[in-house]
Amino acid sequence: MISTKPRVRFAPSPTGYLHVGGARTVLFNWLYAKNTGGQFILRVEDTDQERSTREHERMQLEDIKWLGFSYDEGPEVGGPHGPYRQSERLDVYAKCAGELIANGKAYYCFCSEETLEQKRQAAMAAGAVPQYDGTCRGISQADAKARVGKGEKAVVRFLAKVKDYKLDDLVRGEVLFPANMVGDFVILRQGGMPVYNFCVVIDDHLMQITHVLRAEEHLSNTVRQMMLYEAYGWELPRFGHMSLILGSDRQKLSKRHGATSVHQYAEEGYLREALLNFLVLLGWSSPTENKEIMTIEEMVRDFSLDRLNPAPGVFDPVKLKWMNGQYIKALPLADVTARALPFLEKGGIPVAKVERAWLERAFDAIRPYLETLADAPKHMRLFFDETYGVEPDAVAVKAEPTYAAVVTALRDALKTHVSAHGDALTGDEFGKIQDQVKTASGAKGKGLFMPIRVALTGHAHGPDLKILIPLVGAKRAAARAEKALG
RNA sequence: GUCCCCAUCGUCUAGAGGCCUAGGACACGCCCCUUUCACGGGUGUAACCGGGGUUCGAAUCCCCGUGGGGACGCCA
């Protein structure tokens, strides 16, 4: 081994948006590369022509980019081991498969899919592992070539060795695959398109991948891949099979559990930092005990394979939401406000019409109420909507005996302020206005503050009035009080 | 069905034979802060799947059972 630096990869198949499980796989691979000073390669596994599209690939790459990951080699960016799209490497696979056929390690199979399916069903029913029965194994190379030459449909199968295989898995330890676990598997489909289990081996070897970190669903595939490595005499990379992400019913996380794509979370107002922080904790634990909220830099610094949890984990959207709220509160104000902009616009908040500094102050006031950025418009409306009504839980306040007196005094005080100082109003000044209202109306405590709040906002709850009202301004506040009286 | 993997509070997890009366986080209850709510702080409820071993000693090691998951494709 000349290169000691790890080379890891993420190899998505472009069949839709990036799944959160995939996102975690990218994250762990990327973290491992960054932590060790290694390289991160992206390879597109698009040999399933039925489902793979360029559009899906674009979507996935966009999601990966949104999460903040970049790769050292891959489609678009290129690299010394390209191309990085399997559909563009067909010649490589054909050559490699040819080698196997030539030395008798693979053979043509002419069995029809229907026959195979029947045999599979029969085997399952009989309680046996359904695997290829070797019907075409005996056909001589010359005969097979002749039949193929005449245009007969055939696939190419790998001649599986009957022996035990032992895998030293990075997260599971020693895994034993007993002999006969798999039969002769297909490496080239009818028409010559190669199959996943074949391509990964060729590519991981040629691309000099040192560590294959992927989801557990690939664990039992690994034995096929080991057979291939053995057939070629290639050195095995290290494998690490990470546990699956489950839904609340402990089934593999899927669409019926709700949002499962990164894209969807982005659209719902989740921050990439929060999503990543949540995901890193699903199946991996920080070496710093009791530390859950961590920056990307800390993740990179602390990441290690030996803290990967072999047990599957349930995806808890409630905790994700909480974490997102933590990030909304902790991130620099200008940054979060900027990220909230599209959500505010979409929610009908005329962000373009107000000054950015004012907007940031207003956003800061509602921040503690947010779990996602998509929550922002409804809280922001407080500063923009002059047509608000009284919320159901605030209606009772209007019936308070002090209500009319308080709101009248409030309106008068506000109007006086406007004629003396104009629209500008500080928190202290509003505090003084409240004192005046108290004196004028004789109300105090809840009887004083609730009518003010409800008259000015329509809500029984909300941010501190001394922060809120200065942002609204004395003129609009006076108008609101006036309106509340009518 | 067969094979493989897995098993600590409802959930994510700490725990690498004595530090465990099992720690943290989310969620939930209560209290404080706030003349509101949210945020924040405090506090409480809550778990080692079962059975056998090994050991002076087991959540930690071994075996069996049970439960869950995955794979068995010309999908990846």
Side-chain angles (χ1 to χ4, degrees), chain A residues 11-15 45-48 50-52 86 109 111 113 116-117 120 123-131 153-157 167 169 171-173 175-178 180-183 185-191 193-197 199-200 214-223 241 243-244 246 248-252 278 281-287 289-293 306-307 309-323 325-326 329 365-370 379 393-394 397 444-450 452-454 457 459-465:
Chain A
S13 64
T15 55
E45 310 216 318
D46 55 352
T47 54
D48 182 354
E50 305 275 296
R51 299 192 300 154
S52 303
Q86 292 188 327
C109 168
C111 296
E113 288 191 65
L116 257 20
E117 184 53 31
R120 212 181 344 258
M124 285 250 212
V129 186
Q131 52 181 230
K153 300 263 186 241
V155 299
V156 174
R157 281 181 191 278
L167 171 68
D169 194 271
V171 354
R172 268 146 234 286
V175 178
L176 185 75
F177 300 107
N180 274 319
M181 197 174 149
V182 299
F185 56 93
V186 173
I187 58 173
L188 252 41
R189 305 179 237 247
Q190 266 183 34
M193 182 59 80
V195 141
Y196 165 75
N197 278 115
C199 299
V200 251
R214 42 147 70 148
E216 194 202 321
E217 53 192 328
H218 293 289
L219 183 57
S220 36
N221 279 323
T222 310
V223 66
H241 290 91
S243 55
L244 254 19
L246 272 26
S248 53
D249 56 358
R250 304 212 132 258
Q251 303 283 311
K252 195 167 157 181
F278 173 76
L281 258 17
L282 234 189
W284 179 80
S285 55
S286 163
E289 221 180 311
N290 303 339
K291 180 162 170 66
E292 293 210 323
I293 303 282
D306 56 11
R307 295 192 71 84
N309 187 169
V314 173
F315 187 92
D316 182 5
V318 177
K319 186 153 185 180
L320 206 210
K321 254 197 178 161
W322 167 80
M323 194 161 277
Q326 293 297 306
K329 286 184 268 290
I366 63 152
R367 241 170 153 184
Y369 294 86
L370 309 181
H379 288 98
D393 66 337
V397 174
K444 58 178 181 174
K446 219 177 165 186
L448 170 69
F449 290 95
M450 285 314 269
I452 296 178
R453 177 174 294 282
V454 171
T457 70
H459 288 81
H461 311 297
D464 190 341
L465 289 169

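From a predicted model like this one, the values you see are computed outputs, not experimental measurements. Below, chain A is the first sequence line, B the second, and so on; all start at residue 1.
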Practice problem: Assign A:A460 to base, sugar-phosphate, or nothing according to its heavy-atom contacts below 4.0 angstrom with the strands shown. | Solution: base
Quiz item: If we only count heavy atoms from C-beta on, is the A:S243 to A:P310 side-chain gap below 4.5 Å?
Solution: no
Quiz item: Between A:S286 and B:U13, is there a side-chain N or O to OP1/OP2 distance below 4.0 Å?
Solution: no
Quiz item: Does OP1 or OP2 of B:G40 have a side-chain N or O of A:Q326 closer than 4.0 Å?
Solution: yes
Quiz prompt | Nearest-Å distance for atom pair CG/C1', residues A:L244 and B:C5 | solution = 10 Å
Quiz prompt | Whole-Å distance separating the CD atom of A:Q86 from the P atom of B:A76 | solution = 8 Å
Quiz item: When we call it a touch if two heavy atoms are under 4.0 Å apart, what does A:H241 touch: a base, just sugar-phosphate, or nothing?
Solution: nothing
Quiz item: So which nucleotide from B:C6, B:C74, B:C5 ends up closest to the side chain of A:V186?
Solution: B:C74
Quiz item: How is A:G313 classified with respect to the nucleic acid when contacts are heavy atoms under 4.0 Å: base, sugar-phosphate, or nothing?
Solution: sugar-phosphate
Self-check item: A:K319 and A:L281, any side-chain heavy atoms less than 4.5 Å apart
Solution: no
Quiz item: Is there a Watson-Crick or G-U wobble partner for B:G57 with both distances under 3.5 Å, and which nucleotide is it?
Solution: none
Exercise. Select one nucleotide: of B:C4, B:A76, B:C74, the one nearest the side-chain heavy atoms of A:F177.
Key: B:C4
Exercise. Determine which nucleotide pairs with B:A22, using a 3.5 Å limit on both distances of a Watson-Crick or G-U wobble pair.
Key: none
Quiz prompt | Spacing of the P atoms in B:G65 and B:G23 (rounded, Å) | solution = 33 Å
Self-check item: Student check: side-chain heavy atoms of A:R307 and A:P287 closer than 4.5 Å
Solution: yes
Quiz prompt | Minimum-distance nucleotide to A:K252 side chain [options: B:U11, B:A71, B:U36] | solution = B:A71
Self-check item: Residue A:S220, side-chain atoms from C-beta onward, closest of B:C12, B:G70, B:A7
Solution: B:G70
Quiz item: For atom C1', what is the distance between B:G70 and B:U60, given to the nearest Å?
Solution: 26 Å
Quiz item: Got a donor-acceptor contact below 3.5 angstrom from the A:Y369 side chain to the A:G462 backbone?
Solution: yes
Quiz item: CZ of A:R453 versus C1' of B:A38: gap in Å, rounded?
Solution: 11 Å
Self-check item: A:V175 side chain, from C-beta outward: closest of B:A76, B:C5, B:G40
Solution: B:C5
Exercise. State whether A:R307 places a side-chain N or O below 4.0 Å from either non-bridging phosphate oxygen (OP1 or OP2) of B:G15.
Key: yes
Quiz item: Could you give the CG-to-P distance, from A:D464 to B:U36, as a whole number of Å?
Solution: 10 Å
Practice problem: Can you tell me the pairing partner of B:G44 across any strand shown, Watson-Crick or G-U wobble, with both distances under 3.5 angstrom? | Solution: B:C28
Quiz item: A:C111 near the nucleic acid: base, sugar-phosphate alone, or nothing, with a heavy-atom cut-off under 4.0 Å?
Solution: base
Quiz item: Closer to the 5' end of RNA chain B via nearest nucleotide, is it A:L116 or A:P310?
Solution: A:P310
Practice problem: With sequence neighbours left out, write down each residue that passes side-chain contact (heavy atoms from CB on, under 4.5 Å) with A:D249, or none if nothing qualifies. | Solution: A:Q251, A:R256, A:H257
Quiz item: What interatomic distance, in whole Å, is found between C1' of B:C49 and the corresponding atom of B:C26?
Solution: 23 Å
Self-check item: A:K321 side-chain N/O to A:M323 backbone N/O, donor-acceptor pair under 3.5 Å
Solution: no
Quiz prompt | Whole-Å C1' distance, B:G52 and B:U13 | solution = 29 Å
Quiz item: For B:G73, does either OP1 or OP2 sit under 4.0 Å from a side-chain N or O belonging to A:R157?
Solution: no
Practice problem: Would you please confirm or rule out a distance under 4.0 Å between OP1 or OP2 of B:G73 and any side-chain N or O of A:R120? | Solution: yes
Quiz item: Using the P atom in both, what is the distance from B:A58 to B:G17, to the nearest Å?
Solution: 14 Å
Exercise. Let me know the distance between CD of A:Q131 and P of B:C4, rounded to the nearest Å.
Key: 14 Å
Exercise. Look at all strands and tell whether A:K444 reaches a base, only sugar-phosphate, or nothing, counting heavy atoms closer than 4.0 Å.
Key: nothing
Quiz item: Between B:U13, B:G68, B:C4, which one does the side chain of A:R250 approach most closely?
Solution: B:G68
Self-check item: Watson-Crick or G-U counterpart of B:C49, or none if no pair lies under 3.5 Å
Solution: B:G65
Quiz prompt | Residue-phosphate contact under 4.0 Å: A:S285 side-chain N/O, B:A14 OP1/OP2 | solution = yes
Practice problem: Could you tell me which nucleotide pairs with B:A16 by Watson-Crick or G-U wobble geometry, both distances under 3.5 Å, or answer none if nothing does? | Solution: none
Practice problem: Pick base, sugar-phosphate or nothing for A:S243, based on heavy-atom distances below 4.0 Å to the nucleic acid. | Solution: nothing
Self-check item: Close side-chain approach of A:V171 and A:E216, heavy atoms under 4.5 Å
Solution: no
Quiz item: For RNA chain B, whose closest nucleotide is more 5', that of A:L465 or that of A:M181?
Solution: A:M181
Practice problem: With heavy atoms under 4.0 Å as the rule, sort A:P463 into base, sugar-phosphate or nothing. | Solution: base
Self-check item: Interatomic distance where NE2 belongs to A:H461 and P belongs to B:C37 [whole Å]
Solution: 7 Å
Practice problem: Describe the nucleic acid contact of A:N309 in one word from base, sugar-phosphate, nothing, applying a heavy-atom distance below 4.0 Å. | Solution: sugar-phosphate
Quiz item: Expressed in whole Å, how much space separates the P atoms belonging to B:C9 and B:A14?
Solution: 12 Å
Exercise. Take atom C1' in B:A7 and the same atom in B:C61, then report the distance between them in whole Å.
Key: 16 Å
Quiz item: Would a 4.5 Å heavy-atom cut-off, applied to side chains only, mark A:V397 and A:R453 as touching?
Solution: no
Quiz item: So do the side chains of A:P463 and A:H379 get within less than 4.5 Å of each other, counting heavy atoms only?
Solution: no
Exercise. Encode nucleotides 19-26 of chain B as B, S and - characters from 5' to 3', where the letter depends on protein heavy atoms closer than 4.0 Å: B to the base, S only to sugar-phosphate, - to neither.
Key: ----BBBS
Exercise. Look at the side chain of A:D169 and the backbone N and O of A:H241, then say whether any donor-acceptor pair between them is shorter than 3.5 Å.
Key: yes
Quiz item: What nucleic acid atoms does A:G283 come within less than 4.0 Å of, heavy atoms only: base, sugar-phosphate, or nothing?
Solution: sugar-phosphate
Practice problem: Considering only atom P, compute the distance from B:G10 to B:G41 and round it to an integer number of Å. | Solution: 25 Å
Quiz item: Can you tell me the Watson-Crick or wobble partner of B:C72, both distances under 3.5 angstrom?
Solution: B:G1
Quiz item: Hey, are the side chains of A:V195 and A:F185 touching, using non-hydrogen atoms and a 4.5 Å cut-off?
Solution: no
Self-check item: Euclidean distance, atom CG of residue A:L246 to atom C1' of B:G10 [Å, nearest integer]
Solution: 15 Å
Quiz item: Can you check whether A:P130 reaches A:E117 side chain to side chain, under 4.5 Å on heavy atoms?
Solution: no
Exercise. Could you tell me the separation between the CD1 atom of A:I452 and the P atom of B:C37, rounded to a whole number of Å?
Key: 16 Å
